[in-house]
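Beneath this line is the structure, given in structure tokens, with notes to follow.
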There are 2 protein chains.
Amino acid sequence: MEANRPDTVTRILDVSERLFVEHGFEATSLRMITQQAEVNLAAVNYHFGSKDALFEAVFTRRLGPLIEACLAELDALEGEKDGPTAEGLVMTFIRPCLALSKDPARGGALFVRLLSRTLVENHRLLRESLSQQYSEFAQRYGVAFQQALPELSLETLSWRMHLAFSVMFNAFAGNDVLKIFMRSQIVTARDPEMIVKHLVPFVIAGLTSPVQE
Amino acid sequence: MEANRPDTVTRILDVSERLFVEHGFEATSLRMITQQAEVNLAAVNYHFGSKDALFEAVFTRRLGPLIEACLAELDALEGEKDGPTAEGLVMTFIRPCLALSKDPARGGALFVRLLSRTLVENHRLLRESLSQQYSEFAQRYGVAFQQALPELSLETLSWRMHLAFSVMFNAFAGNDVLKIFMRSQIVTARDPEMIVKHLVPFVIAGLTSPVQE
DNA sequence: CAGAAATTCGAACAATTGTTTGAAACTTAC
DNA sequence: GTAAGTTTCAAACAATTGTTCGAATTTCTG
């Protein structure tokens, strides 16, 4: 009947990804995970070693390919004749996030939400294990944006990049800060295309705004 | 020696506010709180009733005055002769947040960080208890922005407000999404004035960007 | 000062947490 | 088919969790 269901490791990862997003790392117990994944309680410690290691495994499964996709887009853009524009650079980040959000096989928007959550929670996993590993990501974008927006000072550019990635992450994660207050006024459809339609112009405008002294 | 230290309730609230920000709600135990606050373990349940009620108390202590300050600024702005501009509206939100961040007596930037964290975590407290209570906040800003940016469709305006408040919240909370990756490149000084210097132009540009079809 | 009310205290409660263990079941290889 | 290796299983582990209780203590009130 259900012959080709994923193996134990994959089922644990899928359920963990969803539960970590819904309830957070601390509030998600191994019994919740193993119960919904229909595996034995000891399976987590057998396959991953510990709950912390499971969390890291959930992360590395998606973050690596996502960052590689961004860097590949960056390579393609820098290969063109004209220098990269700010909009082009933004799209090299948007497109992989969009593709991930629209792919149910890769958890859809779940992982971006988990990433956003973990960033805000300031987890030690992101501070220690993954920060060094993926420092290339930020360095590449830093250089590229410096090239695309040469009129900005390093301080201003750094701040605008910080703000731009901040709003992009939160948009993809669906963190509706206003949804809490506005009852039914804004229906923030989770449609990823809709996100991009309004997100990209907003970010581009913020990045390319003329400096005022 | 230390005669006028705060009373038990205040000490619990102060310590809880800090620990909830540092470790999150679930990962903060009552024993951590009572130990650092130098009160008995049972004091929390005696004064607040439960850990959930303590969390709500930590919230209501700061959120109410903050929102009222924003609405007061809004009243003052709407009382002027000219209609409110987008920048003026943004500043009615920025100024109270800035004042709170710079006031150690009110926990400084702690509460804004807690608010940001709780928004991302999608806590039921913000969905249920506080959303109805402070719906006036969003409604007032919705009407005001509609007046300041009449050329925008309701859909576009809603999205831009969502993105604007999203980036403002995260900026004040100090959620450096790039800090994780960039090692020492960007030193995002926690100086609130510095935040505003770069945050406000970014948000204004995104809000007032001409619509492109 | 005496009595009442409010607060603090130490101790214990049941429940849940992540983790470990050794045996059972299964898969693979010769 | 049998032995070796891999995976699953039920059960238990010590530790920690939020909460409760009654007695001690302090503070307020007359």
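Quick caveat, the model's predicted, so the values are computed rather than measured.
- Using a 30° and 60° split on the angle between ring planes, Trp159(B) and His198(A) fall in the parallel class, below 30°.
- Taking atom CG of Asn45(B) as the reference point, atom C1' of dT7(C) lies 14 Å away to the nearest angstrom.
- Comparing Ala42(A) and Ala27(A) along DNA chain C, the residue whose closest nucleotide (by nearest heavy atom) sits nearer the 5' end is Ala27(A).
- Between the CG atom of Leu30(A) and the P atom of dT8(D) there is a distance of 16 Å, given to the nearest Å.
- Rounded to a whole Å, the OH atom of Tyr46(B) is 17 Å from the P atom of dA23(D).
- As a whole-Å value, the separation of Leu41(A) CG from dT16(C) P is 14 Å.
- In this structure, the CZ atom of Phe55(A) is 18 Å from the P atom of dT17(C), given to the nearest Å.
- Rounding to whole angstrom units, CG of residue Asp7(A) and P of dC26(C) are separated by 18 Å.
- If you check every strand for non-hydrogen atoms under 4.0 Å, Thr34(A) touches nothing.
- Remark: His47(A) is not in phosphate contact with dT6(D), judged by side-chain N or O atoms under 4.0 Å from OP1 or OP2.
- Between His123(B) and Phe55(B), the ring planes are tilted. Angles from 30° to 60° get that label.
- What you find for Ile33(B) and Ser16(B) is that their closest heavy atoms are CG2-OG, 3.4 Å.
- The phosphate of dT8(D) has OP1 or OP2 within less than 4.0 Å of a side-chain N or O from Thr8(A).
- Among all heavy-atom pairs drawn from Phe202(A) and Leu207(B), the shortest one is CE1-N, 3.8 Å.
- When the side-chain nitrogen and oxygen atoms of Asn40(B) are compared with OP1 and OP2 of dG10(C), one or more of them lie within a distance under 4.0 Å.
- Aromatic rings from Phe93(B) and Phe169(B) are positioned such that their centres are separated by under 6.0 Å.
- What separates CD of Glu26(A) from P of dT17(D) is a distance of 11 Å, to the nearest Å.
- Distance Arg31(B) CZ to dT20(D) P: 13 Å, rounded to the nearest Å.
- The shortest distance between the side-chain N/O atoms of Ser29(A) and the OP1/OP2 oxygens of dT16(C) is not below 4.0 Å.
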